[in-house]
Amino acid sequence: MRVVRLLRLRAALTLLGEVPRRPASRGVPGSRRTQKGSGARWEKEKHEDGVKWRQLEHKGPYFAPPYEPLPDGVRFFYEGRPVRLSVAAEEVATFYGRMLDHEYTTKEVFRKNFFNDWRKEMAVEEREVIKSLDKCDFTEIHRYFVDKAAARKVLSREEKQKLKEEAEKLQQEFGYCILDGHQEKIGNFKIEPPGLFRGRGDHPKMGMLKRRITPEDVVINCSRDSKIPEPPAGHQWKEVRSDNTVTWLAAWTESVQNSIKYIMLNPCSKLKGETAWQKFETARRLRGFVDEIRSQYRADWKSREMKTRQRAVALYFIDKLALRAGNEKEDGEAADTVGCCSLRVEHVQLHPEADGCQHVVEFDFLGKDCIRYYNRVPVEKPVYKNLQLFMENKDPRDDLFDRLTTTSLNKHLQELMDGLTAKVFRTYNASITLQEQLRALTRAEDSIAAKILSYNRANRVVAILCNHQRATPSTFEKSMQNLQTKIQAKKEQVAEARAELRRARAEHKAQGDGKSRRCKRFRVPVEKIYSKTQRERFAWALAMAGEDFEF
DNA sequence: AAATATACTTAGAATGCTTAGG
DNA sequence: CCTAAGCATTCTAAGTATATTT
């Protein structure tokens, strides 16, 4: 289950933590900051407005290794006859061939886009021959990559070790930068390799060729007086600039959506940690304004201005249901998904009465990543009445909030509280929910195992609020699952019984253990909850969270 | 004021690694 | 031991937010 990890930690620490007394990270002086109020330690060395660094030095990005042509024995067939492809066409063919067992290759849009882009890479003669994807046979190519993957798996211990060391060497060479005198880990130092675009849901561009990026596509950002990264031999950077108002080290434009991709720092870096911390401070500040804001939007439900009413109802949804803001998107460029402000009439249904409640709104729409949001919620009467009004004389495809944009909503929020935007409500409500759940579910005398169970349950509640979920398995996987359903059910029963036993044992042990019995209300060692990486990433939170920290 | 560009966060899928159970 | 389930990490698509341009 995926849950916004920052808020998880932040709120969890408040209630769970045996919090280590150690400095947050290098560059942060040793003494622990005071428990409430501003995060003086993390604010130290603050630059003036908009400036993100004084010094930035790095080695540039790591490029995908060049294409290795297929061995002669691996052939591509057209209409049953082997056809020798040019290197350029072959490379793109391998992108498709290796995906043959993926559901994508059964989708018409994917196939059409791939074939269209593939033909562009072909030589004239190839293009004259290869005219239909249905007549293409990539099975040998596919087999080749399957075998290759299998061969990797059965490598000897030493060979695997060698591969690991090579990866480590790469990490050492390209994975770090110097920012203001400190070494920092980079998040994504590798340029994305070429391949076929894997858009989610019904993406109109799925299958398109994501071009290979060369140094000539890449803009480097570093300090003027630093050692400028060397482009790979025989190449040049598109541009080298020195802009210290941004945090990225390198950038390029991706060929499918024409959007800019960035090389940036790892979340454990000071820079990222600071902004994450600030984000929580903003959400925490909202606590002091939220009552006022709520009575304000309630009053606005009766405003004479339609614009204001729409804004007030939308804000109510964002607050109550943790919906995303819902920016507009260009159609034809991406899958048809919506958020709060971009909801259409077809996405909501009004029920005067349902499930024994009055004024029920039924939401059914695709949100971020094409994850379905389905919910039936009783709402207050004025909200219901307003929705009826907003839907009057509209087509299903019309905007529900036709007088509202994310920009105007955020402008309004900014006036209510400095730094307030729509997404802050998600952070705020998720954090508050986790904290309340932890309070409700845990007791001081619980064993550590029981507390962890409560913690996981609390997170599940937050996940439901935020509609975090994985896509349903593909039809292929589904049929596999069906075959195994019976076995699975039995296994689960057994596993559940085992888990129960283990839990009982753990509890027994914990009860008997004097040390853990002395635990205070929420104490659980932080290692039990967060992996090393997570603890590094949230060093700032660990450093600032005191015994009595509350969100 | 609408469209566009830019920079940054969020989040699911894919992949890698560890560990529990046979 | 080996295997596979489950967790962690990596990858990159898809969001949000806002500044700039038209």
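Owing to the predicted nature of the structure, the values given are computational and were not obtained by experimental measurement. Just so we're on the same page: letters track the sequence lines, and every chain starts at 1.
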Compare the minimum distances between each of [options] and the side chain of [X], then state the nucleotide with the smallest one.
X      : options                : result
A:W248 : B:dA7, C:dT18, C:dG15  : B:dA7
A:V246 : B:dC8, C:dG15, C:dT18  : B:dC8
A:K52  : C:dA13, B:dC8, C:dG15  : B:dC8
A:N410 : B:dA7, C:dT18, C:dT12  : C:dT18
A:K279 : B:dC8, C:dT12, B:dT10  : B:dT10
A:A325 : C:dA17, B:dC8, C:dT12  : C:dA17
A:D369 : C:dA14, C:dA17, C:dA13 : C:dA14
A:F197 : C:dG15, B:dA7, C:dA13  : C:dA13
A:K423 : B:dC8, C:dA17, B:dA11  : C:dA17
A:Q257 : C:dG15, C:dA14, B:dA11 : C:dA14

Quick one: [X] [atom1] to [N] [atom2], roughly how many Å, whole number?
X      : N      : atom1 : atom2 : answer
A:D243 : B:dA5  : CG    : C1'   : 14 Å
A:I191 : C:dC11 : CD1   : P     : 13 Å
A:Q278 : B:dC8  : CD    : P     : 13 Å
A:L413 : C:dT16 : CG    : P     : 14 Å
A:L323 : B:dT10 : CG    : C1'   : 16 Å
A:F280 : B:dT9  : CZ    : P     : 13 Å
A:N188 : B:dA11 : CG    : C1'   : 15 Å
A:N327 : B:dT6  : CG    : P     : 17 Å

Can you see whether A:E274 engages A:Q278 through a side-chain donor-acceptor pair at a distance of less than 3.5 angstrom? no
Answer yes if the side chains of A:N244 and A:H47 hold a donor-acceptor pair under 3.5 Å, and no otherwise. no
For the side chain of A:K368 and the base of B:dT10, is some donor closer than 3.5 Å to an acceptor across the two? yes
Counting only side-chain nitrogens and oxygens, does [X] get under 4.0 Å of the OP1 or OP2 atom of [N]?
X      : N      : result
A:K210 : C:dA13 : yes
A:K261 : C:dA13 : yes
A:T247 : B:dA7  : no
A:R200 : C:dG15 : no
A:R426 : C:dA17 : no
A:K329 : C:dG15 : yes
A:T407 : C:dA17 : no
A:T421 : C:dT16 : no

To the nearest 0.5 angstrom, please state how far the NZ atom of A:K279 sits from the OG1 atom of A:T421. 10.5 Å
Between A:N467 and A:R241, which has a closest nucleotide on DNA chain B that is more 5'? A:R241
With sequence neighbours left out, the residues meeting side-chain hydrogen bond (donor to acceptor under 3.5 Å, both in side chains) with A:R200 are A:D369
Is it true that, when you exclude A:K238 itself, more than 12 heavy atoms of the residues, nucleotides or ligands shown sit nearer than 6.0 Å to its NZ? no
So, do A:W252 and A:F63 have ring centers that fall under 6.0 Å from each other? no
Quick check: does any side chain N or O of A:K205 sit under 3.5 Å from a backbone N or O of A:V256, one acting as donor and the other as acceptor? yes
